[in-house]
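All remarks here apply to the structure that follows.
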Amino acid sequence: MSEHHIRDLFDLAAAVPDGAKLAVPADYSGVAMAATRALIRRGVRHLHLVCVPVSGLQAEMLIGAGAVKVIESSAVTLGEYGPAPRFVEAVRYGKITLKDATCPAIHAALQAAAKGLPFMPLRGILGSDLLAHRPDWRVIENPFEAGDPIVALPAIRPDIALFHAPLADREGNVFIGRRRELMTMAHAARRTFVTVEEISETSLFDDERLAAGVIPALYVSAVVRAKSGAWPLGLWNAYEADDAFLRRYATLAKTDEGFAQVLARWLDEPAMAAE
Amino acid sequence: MSEHHIRDLFDLAAAVPDGAKLAVPADYSGVAMAATRALIRRGVRHLHLVCVPVSGLQAEMLIGAGAVKVIESSAVTLGEYGPAPRFVEAVRYGKITLKDATCPAIHAALQAAAKGLPFMPLRGILGSDLLAHRPDWRVIENPFEAGDPIVALPAIRPDIALFHAPLADREGNVFIGRRRELMTMAHAARRTFVTVEEISETSLFDDERLAAGVIPALYVSAVVRAKSGAWPLGLWNAYEADDAFLRRYATLAKTDEGFAQVLARWLDEPAMAAE
Amino acid sequence: MNDAPLSEVATRQEFLISTIAGLIAGCGHVAVGSASPIPGSAALLARARSGGAMRVSVLGSLRNNFFTDGGVELFDCAAQGRVDAFFLGGGQIDGEGNINLVGTGAYPSMEVRWPGSFGSAYLYFLVPRVILFREEHTRRVLVEKVDFVSAPGKSDPGVYRPGGPHALLTNLALFDFDRGRHRFRLRSVHPGHSVEEVLDNTGFTFERPQKVPQTPSPDPETLALIRGSVRDEIAEVYPRFAAAAFAPRG
Amino acid sequence: MNDAPLSEVATRQEFLISTIAGLIAGCGHVAVGSASPIPGSAALLARARSGGAMRVSVLGSLRNNFFTDGGVELFDCAAQGRVDAFFLGGGQIDGEGNINLVGTGAYPSMEVRWPGSFGSAYLYFLVPRVILFREEHTRRVLVEKVDFVSAPGKSDPGVYRPGGPHALLTNLALFDFDRGRHRFRLRSVHPGHSVEEVLDNTGFTFERPQKVPQTPSPDPETLALIRGSVRDEIAEVYPRFAAAAFAPRG
């Protein structure tokens with residue numbers, strides 16, 4: 001850990017500058033919603049959101065709160081709860097700049113950054129209108145076979161990767177288990193901020209079984225404890241999404257007024273443990 | 001697991017055809033020496049050995065036994081025990097075809113295969129004589145920046161990946177912990193043969209901590225139990241290399257006769273548990 | 001076919017599950033993406049019938065998902081040729097098999113915006129047997145030409161493409177996709193529906209045999225499997241679906 | 001300087017460890033490759049002195065290696081700009097900083113074959129501070145021109161190269177590398193040796209100041225650290241080295 005001055009969600013939100021290229025994971029992976037709330041409270045603006053490879057409530061609320069300038073994602077949806085209304089609205093009125101992608105392209109572009117490469121080739125995509133609307137994606141020739149076109153994706157190097165995990169230790173090592181996309185995000189990003197349910201007093205490297213699923217502190221700039229930090233979303237192996245909240249959200253957020261109401265209530269929720 | 005007829009080291013050796021492109025790991029990672037012995041006993045020939053990214057005693061003995069036609073590696077050495085004498089001898093007299101590489105190039109070429117890509121770009125290498133002697137490596141232009149040359153490495157898709165691990169279960173899931181290069185090998189190769197110290201009667205996926213370090217059975221063609229299967233090399237967290245054997249080997253293998261003697265004795269060692 | 005919970009009659013969902021399971025029989029590894037309870041159930045049904053020969057990876061599941069390399073693994077696995085079947089939907093699907101998951105109107109400020117293309121622009125190229133599945137069968141969905149091509153149904157010669165569309169299943173009918181002619185061909189119409197109804201509600205032209213068969217309904221053994229182990233397994237990922245989509249156990 | 005185990009006098013290895021530690025002071029993350037007991041000890045010494053500011057990754061260690069992404073991680077980590085210093089050796093090293101880890105004579109059937117290039121052809125380009133370390137200081141090792149360039153000391157303009165040679169340390173002397181002129185410059189000669197001895201045993205020309213200083217010997221505090229925690233830590237990976245290279249604890 002390199003940013004020891006970040007000790008709570010307030011510090012964390014203050015350390016995310018306006019205009020940051022912020023990488024966030026999909027709902028199944030561990031979304032730092034408590035930190036997102038702190039970001040909206042601090043009034044963050046002009047974010048370039050990179051969704052790895054899709055997003056839901058997090059992108060939706062940041063967009064609704066006016067915090068997003070650019071969004072790069074393969075999808076934004078509330079899943080079982082239907083479309084993401086603020087995202088749909090922002091698209092219709094051109095309030096955000098879209099960089100529509102496809103899941104493996106976002107993974108590959110992050111892997112390029114993690115390998116210090118300027119680009120990564122990727123199969124597929126050719127003939128998709130995605131390509132037509134992504135002037136930053138190029139088509140090159142496979143150098144080993146004439147007449148074999150292949151897409152080249154420029155590396156995505158996020159300024160900050162932000163996610164929520166079940167466990168970290170005092171050194172800043174973070175357990176992410178099978179959620180390896182979080183490892184790639186941390187390798188690719190300049191800085192990585194993590195919120196966690198619990199902080200272990202012993203090193204995660206003490207248990208060789210655990211070690212295989214650990215992001216080393218070398219890649220982690222700050223860890224902040226946030227109990228239920230993914231709420232109202234769920235966290236794998238820990239807790240489910242808050243069904244009542246998400247139903248209410250999906251209904252209310254269809255209008256500007258309804259969204260303002262649900263956002264205000266969410267921002268007013270009692271402070272979390274670490275705040 | 002897809003090759004259920006492979007039940008012991010004899011079956012495993014029989015399933016490796018002459019001329020196979022065989023990927024093997026470095027000494028620190030888990031080397032299937034018991035299986036290598038079975039391969040030499042069966043008289044395997046013309047192997048195209050891909051060392052990930054280097055090799056020691058395994059490549060050395062296979063070369064000495066006349067089993068190797070081509071070797072692709074970033075180094076072959078007995079480490080603390082000095083040069084690999086059969087390798088050095090075979091190079092001097094042109095008995096093997098060399099594909100000298102550099103470690104990250106082998107990793108990247110396997111990753112290309114694991115991603116189904118025809119090639120992977122990689123930084124560095126330019127100006128190295130390695131490049132001059134690898135006509136299969138190309139220099140291309142970074143498509144995103146004129147005047148920025150970068151090496152393109154063709155994918156390495158091994159016919160078979162072969163390694164030794166501490167634990168598997170009855171389904172064919174294999175625990176490799178932090179040795180992620182074994183995961184990449186299994187993803188990249190058409191078939192993967194694994195020897196293990198122990199077979200668990202319960203699924204490795206039952207423990208979420210363990211799961212993060214598991215190669216799923218989907219990528220594993222056969223698992224054979226071989227107690228002390230890395231001997232005379234060591235296995236991480238399990239046992240050390242056999243110092244006496246390696247000292248004796250390094251001395252004797254300097255001559256053809258000495259090597260023949262140490263090889264014959266090794267092949268005569270009592271059969272292992274699974275044989 | 002209706003939603004009534006009569007144990008001898010399949011619910012609409014059970015009928016679709018059974019039909020999809022037939023389309024993926026014989027596959028070695030079937031992967032199921034997110035928000036796909038019916039394909040997920042179908043894959044679990046096909047696995048139950050395969051006698052241990054089929055693997056299934058259900059995204060979002062802990063118990064039926066053995067990936068350990070993160071979100072990229074499904075895509076890598078497909079590119080390695082280790083995924084035999086996958087399922088894609090579409091806000092629009094056209095007669096050449098193009099699919100649109102982005103929206104209608106002019107990009108980017110679209111009139112109707114859908115979530116986005118997900119992995120379609122990749123998996124449609126790499127998975128040999130892609131089943132297009134969309135319950136709604138209307139001219140709004142099945143169009144002559146999609147407004148936005150998330151993933152094309154056909155590719156230029158020279159484009160690396162081992163995969164592509166295999167079949168299209170809706171609430172009304174089942175189509176095969178002819179990869180030589182790049183057109184759909186009606187294979188069967190579901191019980192209670194007619195070819196005329198299909199023609200009326202399809203925005204693209206398609207081929208059809210002179211006599212169009214009826215899509216077979218699940219037999220009692222299949223229904224028992226669906227309402228038994230399949231329901232239990234899919235409930236892990238889609239509890240609300242599992243509570244609503246199945247008839248009571250026999 | 002000798003190998004005698006007198007507690008007030010550094011062994012040859014202790015002297016080298018101390019000298020290397022000085023070369024990497026201030027680095028945030030130092031990585032140490034395989035078969036590198038002296039650089040490994042030096043990195044652990046530098047870490048001990050850094051007050052927690054330096055990270056060290058010793059390949060082959062379980063206790064001082066926090067990589068969790070397999071063999072590729074060191075290389076990815078370097079390419080991300082997260083490795084500040086690394087160590088390379090060479091069967092031959094020439095005056096332009098080219099290194100040869102492959103062999104002598106004509107490739108491929110070389111007269112003398114060494115193990116191979118390892119990661120040198122990559123890390124030499126990407127790690128800002130590469131310390132060349134080779135104990136043997138003879139005209140056999142330090143040559144005018146290497147027989148095989150495993151990794152070049154300099155690159156053409158336009159080649160992406162944030163890294164390169166920083167210093168060269170042998171049993172006789174310490175050189176800096178001038179990246180503008182692509183030549184070594186003698187910084188200091190070790191106690192007990194002379195500039196003439198260095199000139200006699202070096203196959204390439206190099207720059208030197210009019211008066212060449214002596215390489216400083218480790219002070220008692222440094223020696224105590226080396227013989228204490230550093231010895232204990234390096235013994236995990238190099239037990240035979242740890243048993244032989246250090247003088248008894250003070």
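Both backbone and side-chain heavy atoms feed into the values below; hydrogens, waters and symmetry mates do not. Each chain gets a letter, A, B and so on, in the order its sequence line appears, and its residues count up from 1.
Between C/F118 and A/T77 there is a side-chain heavy-atom pair separated by less than 4.5 Å. Side-chain contact between C/V72 and A/T184 is absent, with no heavy atoms from C-beta onward closer than 4.5 Å. At a threshold of 4.5 Å between non-hydrogen side-chain atoms, the residues A/L126 and C/R161 do not count as touching. Looking only at side-chain heavy atoms (C-beta outward), C/F148 and A/H133 come within less than 4.5 Å of each other. Side-chain atoms of A/C103 and C/F75, non-hydrogen and from C-beta on, do get closer than 4.5 Å to each other.
Residues A/R180 and C/T68 share a closest heavy-atom pair of CG-O, 3.5 Å. Taking all atoms of both residues into account, the shortest heavy-atom contact from A/L130 to C/A121 is CD1-CB, 3.8 Å. In terms of heavy atoms, A/R247 sits closest to C/R240 at NH2-NH1, 2.7 Å. Residues C/P115 and A/F87 approach most closely at O-CE2, 4.0 Å, considering heavy atoms. Across C/G119 and A/P104, no two heavy atoms sit closer than the pair CA-CD, 4.1 Å. C/G158 approaches A/P149 most closely through the heavy-atom pair O-CD, 3.8 Å.
Counting heavy-atom neighbours within 6.0 Å of C/R181 CZ, excluding the residue itself, gives a total of 12 or less. For A/K69, the NZ atom is loosely surrounded, since the number of other residues' heavy atoms within 6.0 Å does not exceed 12. Within a 6.0 Å radius of CZ in C/R139, other residues, nucleotides and ligands contribute more than 12 heavy atoms. Taking a 6.0 Å sphere around CZ of C/R140, one finds it holds 12 or fewer heavy atoms contributed by other residues, nucleotides or ligands.
Atom OG in A/S128 sits 7.0 Å away from atom CZ in C/F125 (nearest 0.5 Å). Residue A/T102 holds its OG1 atom at 7.0 Å from CG of C/L123, rounded to the nearest 0.5 Å. Distance check: A/S74 OG to C/L101 CG gives 11.0 Å after rounding to the nearest 0.5 Å. Interatomic distance, C/S109 OG to A/K95 NZ, rounded to the nearest 0.5 Å: 11.5 Å.
Contact of A/A101 with chain C is made through the backbone alone, with heavy-atom distances under 4.5 Å. C/S34 does not touch chain A: none of its heavy atoms, backbone or side chain, sits under 4.5 Å away. Proximity to chain C is limited to the side chain of A/D243, based on heavy atoms less than 4.5 angstrom apart. Within the 4.5 angstrom heavy-atom criterion, only backbone atoms of C/E111 (N, CA, C, O) approach chain A. With a 4.5 angstrom heavy-atom cutoff, C/L126 touches chain A only via side-chain atoms.
Contact tally against chain A (heavy-atom pairs below 4.5 Å) for C/V102, C/L62, C/L59: the top residue is C/L62. In terms of heavy-atom pairs under 4.5 angstrom with chain A, the leader among C/F67, C/Y160, C/Y107 is C/Y107. Interface summary for chain C: among A/L78, A/V91, A/N237, the most heavy-atom pairs under 4.5 angstrom belong to A/V91. In terms of heavy-atom pairs under 4.5 Å with chain C, the best-connected choice from A/V151, A/I125, A/V54, A/I176 is A/I125. Counting heavy-atom pairs closer than 4.5 Å to chain A, the top-ranked of the candidates C/V149, C/D156, C/N98, C/V159 is C/V149. If you tally non-hydrogen atom pairs under 4.5 Å between each of A/E89, A/R179, A/E181 and chain C, the highest count goes to A/E181.
Classification of C/D69 and A/R178 as a salt-bridged pair fails, no side-chain N sitting under 4.0 Å from a carboxylate O. A salt bridge links A/D100 with C/R113: at least one charged nitrogen is closer than 4.0 Å to a carboxylate oxygen.
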